[in-house]
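Labels below follow one simple rule: chain letters A, B, ... track the order of the sequence lines, proteins then strands, and each chain is numbered from 1. These figures come from a predicted structure and were not determined experimentally. Worth knowing before you read on, the calculation uses all heavy atoms, side chains too, and leaves out hydrogens, waters and symmetry mates.
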There are 2 protein chains.
Amino acid sequence: MSKDERTLYFPKASLDRLKIYRRLLTETDSEYISSEDIANKLGINPELVRKDLSYINYKGKPKVGYHVQSLLDELNELFGLKKTTNVIIVGAGHLGRALANFKGFSKYGIKIVGIFDNDPQKINQFVGELVVLPLDYINRVVRRFNVEIGTICVPEEAAQKIADLLVQNGIKAIWNFAPVKLEVSEDIIVVDEDISQSLLTIKHLLERKQLEKAGEK
Amino acid sequence: MSKDERTLYFPKASLDRLKIYRRLLTETDSEYISSEDIANKLGINPELVRKDLSYINYKGKPKVGYHVQSLLDELNELFGLKKTTNVIIVGAGHLGRALANFKGFSKYGIKIVGIFDNDPQKINQFVGELVVLPLDYINRVVRRFNVEIGTICVPEEAAQKIADLLVQNGIKAIWNFAPVKLEVSEDIIVVDEDISQSLLTIKHLLERKQLEKAGEK
DNA sequence: TAGATTGTTAATCGATTAACAATC
DNA sequence: TAGATTGTTAATCGATTAACAATC
């Protein structure tokens, strides 16, 4: 199968499930796994699993199931895990530093190659093995390391300006932790990671549950 | 309208959009806003906005639109922003400490009332205004502050055990930063915040984009 | 071979969009 | 009033599920 065939468009929901299958497979010891096994563990339908895998043109063996290792390889390829992608972080506050210190990214072929801030107090401080650099240095680092992803960990007032700066410097994708809808040109990938928003979901579900309980009486 | 009417079931996608409308309204200065204004800013259909708002039984004024302040009030109520919810954090690593230090949660009616770790080196250290406590203290803190939400910031190997511990101690919702599917009883709310997974999405989209470009030639 | 499991087409379901009457 | 915008019913679209033939 050619790469082009494999990466034709398929639903976002399927892409998200493929990530979950991938995680499940990394925790699977057996040599083969059936669509039913996968479905049961995730609480979904086996047909859906098969459909999702058909999108990436991966073939299982009737009567046997899917070969865990080769499917995992295929999914790792799909998510570009085999090649290293260089990433910078803008904002050396608590969150930016926490991300810079996180050891788990290497598993996903992600390497943090720089952290930046405009606060003179933070500049030159060590964060793990990196040193906080001023924003002027973004250009140099991006070119030197061929950085594709920029992470925004600055306060929301500053986020749009930093996004513009990143785009100017040739960043192709933005991982945005600020609670703002960034306006960038269409060809830039933006993924929002607005963690406070999930707290809203939790609070709503707690409220709803409480009302349900009250209603039962 | 009674609370019960308002909180009848509606699609998850609508709930997520309602959160986005809420954020947009906080950034809106005018007194009224039309479904078309909202839709344009978010790149969706005005009909969808009206449909979503009809789920929460919120009425606009024909020819005028929606009253920004009162809609915002309604949404704040929907997401339980007006009352304070107490939260604890388990795991005082970089991420746990970053969350404990984050000032923005108060806006959402969230208060961090405790941070815990099993590492003797971390216990008794200060994190902002809190002191890291051993896991044994979870029970006391949960009861004392009537804690509803527990945040898991421990390594993935430990996550399930901590989830069990939280549930034993009466926690009603888990905000899970570990890359693991937690097994908990049905009445416990679990919201996953697996940030590494979004990197997979970014890497995939980057790959796809590159293939598209290659294909154009 | 018989049976189990895949792969795929058709049917169903649910969410989004279109249409339009109601209303200020 | 006329016109703009809401609220809601009906039509469409897309994703999920069901059914079943293909295959090892």
Protein-nucleotide distance ([X], atom [atom1]; [N], atom [atom2]), rounded to Å:
| X | N | atom1 | atom2 | answer |
| --- | --- | --- | --- | --- |
| B:E36 | D:dT6 | CD | P | 8 Å |
| B:K51 | C:dA15 | NZ | P | 10 Å |
| B:Y58 | D:dT8 | OH | P | 15 Å |
| B:K12 | C:dT16 | NZ | P | 12 Å |
| B:L48 | C:dA15 | CG | C1' | 9 Å |
| B:D37 | D:dT5 | CG | P | 8 Å |
| B:Y55 | C:dT16 | OH | C1' | 9 Å |
| B:E47 | C:dA22 | CD | C1' | 16 Å |

Query raised in the report: Given that both distances must come in under 3.5 Å, which nucleotide forms a Watson-Crick or G-U wobble pair with D:dA22?
Result: C:dT5

Report summary line: As its Watson-Crick or G-U partner within any shown strand, both distances under 3.5 Å, D:dG14 has C:dC13

Query raised in the report: Which word best sums up how the rings of A:W175 and A:F105 line up, parallel for under 30°, tilted for 30 to 60°, or perpendicular for over 60°?
Result: perpendicular

Query raised in the report: So, A:D16 and A:K12, do they make that salt bridge, N to O below 4.0 Å?
Result: yes

Report summary line: A:A13 has its side chain closest, among D:dT16, C:dA18, D:dT17, to D:dT16

Query - Closest to side chain of B:K63, choosing from C:dG3, D:dT5, C:dT16 - result: D:dT5

Query raised in the report: Mapping A:P11 and A:V64 to their closest nucleotides on DNA chain D, which lands nearer the 5' end?
Result: A:P11

Query raised in the report: Base, sugar-phosphate, or nothing for A:K59, non-hydrogen atoms under 4.0 angstrom?
Result: sugar-phosphate

Requested in this report: Please say whether the positively charged group of A:R208, taken as NZ for Lys or CZ for Arg, lies over the ring of B:F10, i.e. under 6.0 angstrom from the six-membered ring centre and within 45 degrees of the axis.
Outcome: yes

Think [X] has a side-chain N or O under 4.0 angstrom from the OP1 or OP2 of [N]?
| X | N | result |
| --- | --- | --- |
| A:S35 | C:dT6 | yes |
| B:Y66 | D:dG7 | yes |
| B:R50 | D:dT6 | yes |

Query raised in the report: Judged by atom type as modelled, is there a donor-acceptor pair below 3.5 Å linking the side chain of A:H94 to the main-chain atoms of B:F102?
Result: no

Requested in this report: Using a cut-off of 6.0 Å, state whether more than 12 heavy atoms not belonging to A:E36 lie near its atom CD.
Outcome: no

Report summary line: When B:D52 and A:G65 are each assigned the nearest nucleotide of DNA chain C, the 5'-most assignment goes to A:G65

